[in-house]
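Reckoned from all heavy atoms, side chains included, excluding hydrogens, waters and symmetry mates.
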Amino acid sequence: MRIRKNVYGTKEIPRLSVFRSNKQIYVQLIDDGDGTTILSVSSRDKEIAEKTGLNKTEQAKMVGKLAAEKSKSSGISTVVFDRNGYLYHGRVKALAEAVREGGLKF
């Protein structure tokens with residue numbers, strides 16, 4: 001709740017929410033005004049799941065790049081990053097850096 005009271009997404013600047021499980025990593029772009037998910041990407045998506053031999057950090061980088069590509073095609077260029085209470089380290093950091101390299105600003 002400490003994080004969520006300060007992080008709020010709109011249609012123009014949605015919230016990029018990260019969830020990581022022990023095996024997968026998920027990203028959603030959320031409009032908190034309407035309470036809707038604009039788009040979502042995960043390591044279970046076909047483009048990423050087909051590639052074998054990737055460790056979890058490499059999967060997180062691919063999820064970040066794919067999320068940036070999809071959001072750019074939707075016309076979104078800036079987001080608010082919500083790390084969801086996870087430390088900015090490891091997979092979360094790799095994902096955030098890949099999103100930045102993909103062209104999104106936060």
Side-chain angles (χ1 to χ4, degrees):
M1 290 305 293
R2 275 189 270 175
I3 296 168
R4 286 288 293 121
K5 71 179 177 184
N6 295 324
V7 178
Y8 187 82
T10 62
K11 273 189 181 170
E12 297 80 28
I13 304 173
R15 175 170 54 101
L16 187 134
S17 178
V18 177
F19 174 75
R20 64 176 175 85
S21 67
N22 287 336
K23 294 184 179 182
Q24 310 293 336
I25 191 157
Y26 306 87
V27 173
Q28 288 183 333
L29 288 178
I30 302 171
D31 175 14
D32 288 318
D34 294 338
T36 57
T37 299
I38 298 169
L39 67 92
S40 66
V41 180
S42 74
S43 56
R44 298 181 69 187
D45 288 351
K46 201 171 201 177
E47 302 90 14
I48 299 168
E50 288 176 345
K51 298 186 180 181
T52 59
L54 297 176
N55 62 25
K56 293 185 227 178
T57 307
E58 292 169 345
Q59 285 180 348
K61 288 178 185 177
M62 292 186 69
V63 169
K65 288 179 185 176
L66 189 60
E69 290 172 10
K70 284 187 176 184
S71 62
K72 291 279 249 186
S73 66
S74 298
I76 299 168
S77 61
T78 59
V79 294
V80 178
F81 187 69
D82 178 14
R83 57 186 173 84
N84 236 351
Y86 302 113
L87 294 178
Y88 189 78
H89 184 271
R91 288 191 281 165
V92 176
K93 183 178 178 181
L95 184 132
E97 289 174 351
V99 169
R100 282 191 184 117
E101 288 173 7
L104 285 183
K105 296 180 185 178
F106 59 87

Please report, to 0.1 Å, the donor-acceptor pairs under 3.5 Å made by any side chain of residues 56-66, with sequence neighbours excluded.
unit_1: Lys56; atom_1: NZ; unit_2: Asn22; atom_2: O; d: 2.8
unit_1: Glu58; atom_1: OE1; unit_2: Asn55; atom_2: N; d: 3.2

- prompt: Are any of the side-chain heavy atoms of Ser21 and Tyr26 separated by less than 4.5 Å?
  reply: yes

Within this structure, what is the [atom1]-[atom2] distance for the pair [X] and [Y], rounded to the nearest 0.5 Å?
X: Arg15; Y: Thr10; atom1: CZ; atom2: OG1; answer: 11.5 Å
X: Phe81; Y: Leu104; atom1: CZ; atom2: CG; answer: 11.5 Å
X: Arg83; Y: Lys93; atom1: CZ; atom2: NZ; answer: 13.5 Å
X: Ile13; Y: Leu29; atom1: CD1; atom2: CG; answer: 12.5 Å
X: Glu12; Y: Thr78; atom1: CD; atom2: OG1; answer: 9.0 Å
X: Asp31; Y: Tyr8; atom1: CG; atom2: OH; answer: 7.0 Å

### Message
Just checking Arg44: does its CZ atom have more than 12 heavy atoms from other residues, nucleotides or ligands closer to it than 6.0 angstrom?
### Response
no

Note: Val27 and Ala67 closest approach over all heavy atoms is CG1-CB, 4.3 Å

Smallest heavy-atom separation, Ser74 atom then Leu39 atom, equals OG-CD2, 3.9 Å

**Asked** If two hydrophobic side chains count as joined below 4.5 Å and joins carry through other members, does Ile30 share a cluster with Phe19?
**Response** no

Contacts of Asp34 meeting salt bridge (charged side-chain N to carboxylate O under 4.0 Å, His left out) (sequence neighbours excluded), chain-then-number -> Lys11

When you compare the side chains of Ser43 and Gln24, does any donor N or O come within less than 3.5 Å of an acceptor on the partner? yes

Would Leu87 and Val92 count as a side chain to side chain contact (heavy atoms under 4.5 Å, CB included) here? Give the steps.
CA-CA 7 Å; Leu87 294 178; Val92 176; over 6 Å; no

The single option from Val80, Val79, Ile38, Asp82 that satisfies side chain to side chain contact (heavy atoms under 4.5 Å, CB included) with Leu16 is Val79

